[in-house]
Protein chains: 2
Amino acid sequence: MKQISTRFSMAVHILSLIAVNSNELTGDFIAGSVNTNPVVIRRIMGMLKKAGLVEVRPGVGGASLLKAPEEITLLDVYRAVNVIKENQLFRVHEEPNKQCLVGQNIEMVLQSELNEVQSAMEQRLAQTTLSLLTIRFK
Amino acid sequence: MKQISTRFSMAVHILSLIAVNSNELTGDFIAGSVNTNPVVIRRIMGMLKKAGLVEVRPGVGGASLLKAPEEITLLDVYRAVNVIKENQLFRVHEEPNKQCLVGQNIEMVLQSELNEVQSAMEQRLAQTTLSLLTIRFK
DNA sequence: ATAGTTGTAACTATAATGAGTACAACGGTG
DNA sequence: CACCGTTGTACTCATTATAGTTACAACTAT
């Protein structure tokens with residue numbers, strides 16, 4: 001059973017840390033909280049940076065959000081860490097037999113349906129913001 | 001980028017074949033339409049059988065649906081082939097540092113949110129029946 | 001200059017997948 | 001009953017993404 005990569009949950013963790021604490025966060029400290037290797041954190045930070053969600057001070061350390069926590073949704077994070085590309089959550093088997101009525105049609109019909117399924121999921125992701133999460137920490 | 005297994009799309013293909021054609025379908029014929037190895041088909045058929053969706057005649061070959069195509073949803077198929085278990089679409093990183101406010105809370109807060117996301121997706125899957133798919137074959 | 005960072009490249013172990021071979025068990029048909 | 005085509009499984013294998021790791025260059029304040 002394949003699951004969606006922990007890159008996503010780690011990214012949310014990282015952003016929550018930055019949102020909650022002030023900016024004096026080094027990669028090593030974050031790695032300590034997430035409980036993984038600092039390089040894993042740097043890789044994810046790189047993706048978040050490329051997506052325009054965070055800003056990192058190289059050399060000296062420290063990161064800050066480039067958007068308000070109210071404006072960062074789980075969908076933004078999910079897209080940033082490249083978990084799943086557009087319309088590719090489901091993988092459809094390739095090259096069904098075109099000689100066959102079903103083989104001929106299944107690809108397009110099923111794919112269009114699965115796009116809607118993925119879209120339903122992503123819409124739900126878009127409803128949750130970073131601040132909605134961190135507000136629940138106690 | 002990990003995607004959901006093609007077992008699922010193959011299973012939908014198999015069920016569509018059974019729904020559209022009458023019952024004289026051998027595993028080898030299905031394998032020809034799906035364009036894969038017959039053993040892959042037999043494995044998936046085994047899962048569909050265990051889920052109570054199809055009936056297979058061992059020895060002689062041939063399979064039939066145990067429910068009407070109007071009553072088989074994509075969610076049924078998805079569950080049958082064990083693509084993703086309940087609340088496990090997303091994998092959350094384990095053992096965050098409990099010393100830290102974020103590490104302490106992230107697991108539960110994020111998981112409950114992700115359960116809702118997965119649920120949104122599954123509800124959409126449940127809306128599409130096998131007959132809604134096959135009716136679009138032309 | 002130095003120390004403590006970030007940014008990457010390269011390598012590894014692990015796990016799920018999809019394909020494949022082999023063979024036992026089954027069930028009509030001649 | 002003997003045969004043949006089928007299903008049911010147990011193994012094996014190559015491929016792929018992941019998460020972790022080591023190593024080191026580049027950067028920045030002191």
Are there over 12 heavy-atom neighbours, none belonging to [X], within less than 6.0 Å of that residue's [atom1]?
X	atom1	result
B/Ile135	CD1	no
A/Lys98	NZ	yes
B/Met1	CE	yes

request  = Have a look at A/Gly46 and say if it touches a base, only the backbone sugar-phosphate, or nothing, with a 4.0 Å heavy-atom cut-off.
outcome  =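 Result for A/Gly46 = nothing.
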
task = If the plane angle is over 60° it's perpendicular, under 30° parallel, otherwise tilted; pick one for B/His13 and A/His93.
result =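 The rings of B/His13 and A/His93 sit tilted, inter-plane angle from 30° to 60°.
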
Please determine whether a side-chain nitrogen or oxygen atom of [X] lies at a distance below 4.0 Å from atom OP1 or OP2 of [N].
X	N	answer
A/Ser5	D/dA19	yes
A/Thr36	D/dA19	no
A/Thr26	C/dG4	no

query = Out of D/dG20, D/dG8, C/dG18, which has the shortest distance to the side chain of A/Val40?
reply =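 Nearest to the side chain of A/Val40 among the choices is D/dG20.
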
Nearest whole Å is fine: how far is [N] [atom2] from [X] [atom1]?
X	N	atom1	atom2	result
A/His93	C/dG18	NE2	P	11 Å
B/Glu24	D/dG5	CD	C1'	14 Å
A/Ile44	C/dG7	CD1	P	13 Å
B/Phe29	D/dT7	CZ	P	13 Å
B/Asn35	C/dG18	CG	P	14 Å
B/Glu94	D/dT18	CD	P	17 Å
B/Ile41	D/dT6	CD1	P	15 Å
B/Asn37	C/dA19	CG	C1'	6 Å

remark   = Going 5' to 3' through nucleotides 25-30 of chain C and flagging B where a protein heavy-atom sits under 4.0 Å of the base, S where only the sugar-phosphate is that close, and - otherwise, we get -BS---

key: Footprint string (nucleotides 11-17 of chain D, 5' to 3'): B base within contact, S backbone only, - free, heavy atoms under 4.0 Å   = B-----S

message = Using the rule given for side chain to side chain contact (heavy atoms under 4.5 Å, CB included), can you reason through B/Met47 versus B/Arg7, listing the C-alpha separation, both sets of side-chain angles and the distance that settles it, and then say yes or no?
response = CA-CA 10 Å; B/Met47 294 179 179; B/Arg7 267 205 312 279; 4.0 Å; yes

[atom2] on [Y] to [atom1] on [X], rounded to 0.5 Å:
X	Y	atom1	atom2	value
B/Arg42	B/Thr26	CZ	OG1	9.5 Å
B/Thr73	B/Lys67	OG1	NZ	7.0 Å
A/Ile4	A/Met121	CD1	CE	4.5 Å

ask   = Do A/Ser33 and A/Leu25 pass the side chain to side chain contact (heavy atoms under 4.5 Å, CB included) test, and can you show the C-alpha distance, the side-chain angles, and the key distance before you say yes or no?
value = CA-CA 11 Å; A/Ser33 174; A/Leu25 290 166; over 6 Å; no

Given DNA chain D, 5'-ward residue of the pair B/Arg91 and A/Arg42, judged by closest heavy atom =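 Taking each residue's closest nucleotide, the earlier one in sequence belongs to B/Arg91.
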
